[in-house]
**Student:** 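Dropping a structure here in structure tokens format, bear with me for questions.
Atoms within each ligand, like the ligands themselves, are counted from 1 in listed order.
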Amino acid sequence: MAKIALVTGASRGIGRAIALRLAQDGFEVIAHYRQNRQQAEAVSPRTVQADLSDPDSIDRLFAGLGRLDVLVNNAGIWKPSPIGSTEAGRMHELVDTNLKGPFWVMNRASGLLNDGACVVNVSSVAAQKAVAGGRSLYGATKAALDALTRNWSLELAPRRIRVNGVAPGYVETDMTQAHLSDPAIRQHAIDRHPLGRLGTAEDIAGVVAWLCSDQARFVTGQTINSSGGFYL
Ligand code: NAD
């Protein structure tokens, strides 16, 4: 019987690449989406909808789910929070989606995860490095996510559930498209990756696939940089 993997934010970008890669590796993938059902259905025949910034919506999502072998907390937003001009709404949006979202998802998923399951949190190099453009809150939510990764790995180790993270640098997706369309910003972003290029969604999916494989069976509590050396 195929192992079951739930991937959040799977209709596009990094989540889509992760879902497709896990399916290729033999997992039965449940593709979570917020708005774009059609795009999610193009990724997997099994889809679930929820606004992950809303705990009630997360409860409804899990009401219909059975056992899980993999959970990938990928959904997230990347919005600026410049000092001096940030409104409370932006704080709520970032914290509700990037921090509370994965926490409440895990809170509901833990009872469904089989012993020996694998959890991967999609973090960011922004948790470890300061980046230009007033994105301190984004970095703070991802640093908090890394703390969840470490703590959950300890909490769930007795059930042999491994919890890890992956930290991309700049990856070309809808999230970064507008930002990277400025040639000067794009070149600056490339220059921050010693390996000389921006990341692809497939680069990140490869690391997630490895973390969810038997090859990584003794790895837990780690957030693995997949950023071409951005963090150095
Ligand atoms: P994306 O914008 O293409 O995809 C993000 C996904 O998250 C979308 O499917 C969106 O619908 C979903 N999502 C956002 N808010 C949601 C909510 N409230 N409820 C449900 N779903 C919600 O971006 P991406 O580049 O594919 O990003 C995926 C993850 O990778 C994010 O956590 C992001 O922070 C992280 N990341 C991206 C980059 C990058 O350069 N693209 C770098 C580092 C980390």
**Student:** Starting from atom 40 (O) of ligand 1, which protein heavy atom do you reach first, and at what distance in Å?
**Tutor:** V171 N, 2.7 Å
**Student:** K142 to ligand 1: N or O pair under 3.5 Å?
**Tutor:**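 By distance alone, the answer is yes.
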**Student:** Nearest to atom 13 (N) of ligand 1, what protein heavy atom do you find, and at what distance?
**Tutor:** A75 CB, 3.8 Å
**Student:** Got a sec: does the CZ of R37 have more than 12 other heavy atoms crowding it under 6.0 Å?
**Tutor:** no
**Student:** Considering only the protein, which heavy-atom contact is closest to atom 10 (C) of ligand 1, and what is its distance?
**Tutor:** R34 NH2, 4.1 Å
**Student:** Angle between ring planes, Y170 versus H193, binned at 30° and 60°: parallel, tilted or perpendicular?
**Tutor:**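 Tilted: the ring planes of Y170 and H193 meet at 30° to 60°.
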**Student:** Numbering the atoms of ligand 1 from 1, which are under 4.0 Å from a heavy atom of A50?
**Tutor:**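 Every atom of ligand 1 under 4.0 Å from some heavy atom of A50: 19 (N), 20 (C).
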**Student:** Using heavy-atom distances only, which candidate in Q39, M175, H32 approaches atom 27 (O) of ligand 1 most closely?
**Tutor:**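 Selected option, by shortest heavy-atom distance: M175.
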**Student:** Considering only heavy atoms of P168, which atoms of ligand 1 have at least one such atom less than 4.0 Å away?
**Tutor:** 42 (C), 43 (C), 44 (C)
**Student:** Within the 4.0 Å heavy-atom shell around T176, which atoms of ligand 1 are there?
**Tutor:** 39 (C), 40 (O), 41 (N)
**Student:** Which heavy atom of the protein is the closest neighbour of atom 30 (O) of ligand 1, given with residue, atom name and distance?
**Tutor:**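 Going by distance alone, atom 30 (O) of ligand 1 is nearest to V122 CG1, 3.3 Å.
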**Student:** Just by distance, do the side chain of T8 and the backbone of A75 share a donor-acceptor pair under 3.5 Å?
**Tutor:** yes
**Student:** Contact between L6 and H32 at the side-chain level, heavy atoms closer than 4.5 Å - yes or no?
**Tutor:**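 Result yes, sub-4.5 Å side-chain heavy-atom pair found.
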**Student:** Dump the intermediate steps for salt bridge (charged side-chain N to carboxylate O under 4.0 Å, His left out) on R90 and E93, then the final yes or no.
**Tutor:** CA-CA 5 Å; R90 178 55 51 85; E93 206 180 358; 3.1 Å; yes
**Student:** Search all heavy atoms of P168 against all heavy atoms of S227 and return the closest pair with its distance.
**Tutor:**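 Looks like C-CB, 4.0 Å.
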**Student:** Where does A126 meet ligand 1, judged by heavy-atom distances below 4.0 Å: at the side chain, the backbone, both, or neither?
**Tutor:** neither
**Student:** Spell out, yes or no, whether I4 and V163 are grouped together once hydrophobic residues are joined by side-chain heavy atoms under 4.5 Å, including indirect joins.
**Tutor:**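 Cluster IDs for I4 and V163 match.
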**Student:** Using a 4.0 Å cut-off to any heavy atom of S11, which atoms of ligand 1 qualify?
**Tutor:** 9 (O)
**Student:** Return a yes/no value for A10: is any of its N or O atoms, backbone included, closer than 3.5 angstrom to an N or O of ligand 1?
**Tutor:**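 Looking only at distances, the answer is no, because the N/O contact criterion of under 3.5 Å is not met.
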**Student:** Suppose we measure from atom 26 (O) of ligand 1 to each protein heavy atom; which comes out shortest, and what is that distance?
**Tutor:** I14 N, 2.8 Å
**Student:** Using modelled atom types only, decide if a donor and an acceptor are shared between the side chain of N74 and the backbone of G9 within a distance under 3.5 Å.
**Tutor:**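 Yes, the answer is positive, given that a donor and an acceptor are paired below the 3.5 Å cut-off.
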**Student:** Among all protein heavy atoms, pick out the one at the shortest distance from atom 44 (C) of ligand 1; state its residue, atom name and that distance to 0.1 Å.
**Tutor:**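 Closest protein heavy atom to atom 44 (C) of ligand 1: S123 O, 3.1 Å.
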**Student:** What do we get for L52 next to ligand 1 when only non-hydrogen atoms under 4.0 Å count, side chain, backbone, both or neither?
**Tutor:** both
**Student:** Within ligand 1, which atoms have a heavy atom of S53 less than 4.0 Å away?
**Tutor:** 18 (N)
**Student:** Heavy-atom contact under 4.0 Å between G169 and ligand 1?
**Tutor:** yes
**Student:** At a non-hydrogen distance cut-off of under 4.0 Å, which region of D51 contacts ligand 1 (side chain, backbone, both, or neither)?
**Tutor:**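 Under 4.0 Å from ligand 1, D51 contributes backbone and side-chain atoms.
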**Student:** Look at ligand 1 and say whether Q35 reaches it with a heavy atom at a distance under 4.0 Å.
**Tutor:**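 Q35: no contact with ligand 1 (<4.0 Å).
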**Student:** Counting only heavy atoms closer than 4.0 Å, does ligand 1 sit against the backbone of N74, its side chain, both, or neither?
**Tutor:**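 It is both backbone and side chain that touch ligand 1.
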**Student:** Measure the distance from atom 24 (P) of ligand 1 to every protein heavy atom, then report the residue, atom name and distance (to 0.1 Å) of the closest one.
**Tutor:**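 Sorting protein heavy atoms by distance from atom 24 (P) of ligand 1 puts T173 OG1, 3.6 Å first.
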**Student:** Using modelled atom types only, decide if a donor and an acceptor are shared between the side chain of T86 and the backbone of I83 within a distance under 3.5 Å.
**Tutor:** no
**Student:** For atom 4 (O) of ligand 1, what is the closest protein heavy atom, and at what distance to 0.1 Å?
**Tutor:**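 Of the protein heavy atoms, R12 NE, 3.6 Å lies nearest.
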**Student:** Which atoms of ligand 1 are found less than 4.0 Å from any heavy atom of Y138?
**Tutor:** 33 (C), 34 (O), 35 (C), 36 (N), 43 (C), 44 (C)
**Student:** Any non-hydrogen atom of G199 lying under 4.0 Å from ligand 1?
**Tutor:** no
**Student:** Side chains of T149 and N121: donor-acceptor distance under 3.5 Å anywhere?
**Tutor:**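 Yes, side-chain donor-acceptor contact under 3.5 Å.
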**Student:** Group every Ile, Leu, Val, Met, Phe, Trp and Tyr by side-chain heavy-atom contacts under 4.5 Å, then state whether V7 and L211 land in the same group.
**Tutor:**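 Yes, one cluster joins them.
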**Student:** Of the listed options (G76, G9, A167, A189), which comes nearest to atom 14 (C) of ligand 1 when hydrogens are ignored and any heavy atom counts?
**Tutor:** G76
**Student:** Identify, by atom number and element, the atoms of ligand 1 in contact range of Y170, meaning under 4.0 Å from any of its heavy atoms.
**Tutor:**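 Counting atoms of ligand 1 from 1, those under 4.0 Å from Y170 are 40 (O).
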**Student:** Please say whether more than 12 non-hydrogen atoms of neighbouring residues, nucleotides or ligands are located less than 6.0 Å from CZ in R162.
**Tutor:**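 Yes, because the 6.0 Å sphere around CZ of R162 holds more than 12 heavy atoms from other groups.
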